[in-house]
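Below is one structure, written out as structure tokens; the observations come after it.
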Amino acid sequence: IAYLRMYFNLNKIDFDDLAYVYLLKNLFLNVPTKNYSTLELVNEIKTYLGDLSFRIKIFNDKDNNCLSYLALSSSSLIENISHMPQLVNEVMLNSKFPKKEIKQILSQLTTFLRQDIIENGSQNASLMAKRATSYSANMILNCVQGPILYQKLKEIETNFVYKDVVNKLKDVIKRLF
């Protein structure tokens, strides 16, 4: 089995745009691309790759500097390894962002985050209070999970202007990749 891990530095992204990174990682694999419908893409990934996923990773190094990344993880059988770079590039560089899919994913994310805040309110408040004492990694964490992320995504959803959202997603892609 071959494994691929790629880390794209989030330090190039403004705090206010981190919600778009979160949206982007949830749109990937759920939208069509230049060469595949969503269903075709999922079938190609399931056929040739064992995994293709995106996560936001945030931690401090030994000097307490914040390290934040959009992490790509993929795996495949050795005989299918030639498909890995093609499918990874297809997702990262050729994803299309239809209005319907963006609105649907935004709605799902805000609903999920709202429910999480309600169910884990005291835990979220405690984490936010702890994070207020330290800047770097904690500030980024606040922007990519919990109430602050919910507020940002809800703002995008409420004030949705398709062209502006797509332009912001494309700008984030350009800065990341």
Side-chain angles (χ1 to χ4, degrees), residues 1-61 65-113 116 137 140-141 143-145 149-150 152-153 156-157 160 162-177:
I1 297 177
Y3 296 94
L4 173 67
R5 304 283 186 268
M6 298 174 74
Y7 294 86
F8 302 96
N9 196 334
L10 292 180
N11 291 338
K12 303 175 199 171
I13 308 297
D14 299 330
F15 284 130
D16 287 341
D17 292 340
L18 288 172
Y20 285 95
V21 174
Y22 187 85
L23 175 59
L24 186 65
K25 82 171 193 69
N26 285 282
L27 285 169
F28 282 154
L29 310 178
N30 291 302
V31 294
T33 66
K34 178 179 166 187
N35 297 303
Y36 298 100
S37 70
T38 306
L39 182 59
E40 291 169 335
L41 180 65
V42 169
N43 285 337
E44 286 288 303
I45 291 168
K46 286 183 177 184
T47 300
Y48 297 110
L49 304 180
D51 173 49
L52 179 57
S53 60
F54 295 87
R55 290 176 180 75
I56 295 175
K57 301 272 190 176
I58 301 166
F59 49 91
N60 288 326
D61 67 10
N65 296 311
C66 175
L67 303 174
S68 57
Y69 301 95
L70 176 64
L72 174 146
S73 175
S74 186
S75 63
S76 75
L77 295 174
I78 296 297
E79 60 261 24
N80 294 330
I81 199 167
S82 64
H83 295 276
M84 192 182 297
Q86 184 267 327
L87 289 169
V88 166
N89 283 332
E90 185 70 23
V91 169
M92 292 187 335
L93 303 176
N94 292 328
S95 286
K96 295 181 178 181
F97 303 108
K99 183 177 184 177
K100 179 182 173 190
E101 280 83 346
I102 294 173
K103 290 183 95 171
Q104 182 179 1
I105 298 281
L106 258 174
S107 177
Q108 290 170 354
L109 292 173
T110 55
T111 299
F112 170 78
L113 287 166
D116 181 65
I140 294 171
L141 277 169
C143 292
V144 295
Q145 64 185 30
L149 175 61
Y150 169 76
K152 294 281 187 185
L153 290 176
I156 294 167
E157 183 182 31
F160 189 85
Y162 175 69
K163 182 180 174 187
D164 293 345
V165 172
V166 169
N167 286 340
K168 187 61 86 167
L169 290 169
K170 288 179 179 180
D171 179 58
V172 166
I173 287 171
K174 186 189 290 186
R175 287 188 277 158
L176 278 176
F177 310 134

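Please read these numbers as outputs of a predicted model, since none were measured by experiment.
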Out of curiosity, [X] [atom1] to [Y] [atom2], how far, rounded to the nearest 0.5 Å?
X	Y	atom1	atom2	answer
I173	K168	CD1	NZ	13.0 Å
L4	S75	CG	OG	9.5 Å
D17	L176	CG	CG	10.0 Å
Y48	I81	OH	CD1	15.0 Å
Y162	K100	OH	NZ	13.0 Å
E40	T47	CD	OG1	11.5 Å

So, do [X] and [Y] sit near enough that their side-chain heavy atoms are less than 4.5 Å apart?
X	Y	result
V165	Y20	yes
N89	M92	yes
L67	I58	no
I56	Y69	no
V166	I102	yes
K174	K170	no
V88	L93	no

[X]: which of [options] passes side chain to side chain contact (heavy atoms under 4.5 Å, CB included):
X	options	result
R175	L10, I13, V21	I13
L41	N30, L87, N94	L87
L106	L23, L27, T111	L23

Tell me whether [X] contacts the main-chain N or O of [Y] through its side chain, where contact means a donor paired with an acceptor under 3.5 Å.
X	Y	value
N167	K163	yes
N9	N11	yes
E90	N35	yes
S95	V91	yes
S74	D51	yes

Tell me whether the count of non-hydrogen atoms from other residues, nucleotides or ligands lying under 6.0 Å of [atom1] in [X] goes above 12.
X	atom1	result
I78	CD1	yes
F112	CZ	no
R55	CZ	no

Minimum heavy-atom distance between [X] and [Y], given as atom pair plus value:
X	Y	value
I156	A19	CD1-CB, 4.3 Å
K57	A71	CG-CB, 3.6 Å
T110	E157	OG1-OE1, 3.0 Å
A2	M84	O-CE, 3.8 Å

*Identify whether NZ of Lys or CZ of Arg in K25 sits under 6.0 Å from the centre of the six-membered ring of Y22 and within 45° of that ring's axis.*
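Judged by the rule (NZ or CZ under 6.0 Å from the ring centre, within 45° of its axis), K25 counts as positioned above Y22.
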
*Any idea how F28 and F97 line up, ring-wise: parallel (<30°), tilted (30 to 60°), or perpendicular (>60°)?*
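The rings of F28 and F97 sit tilted, inter-plane angle from 30° to 60°.
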
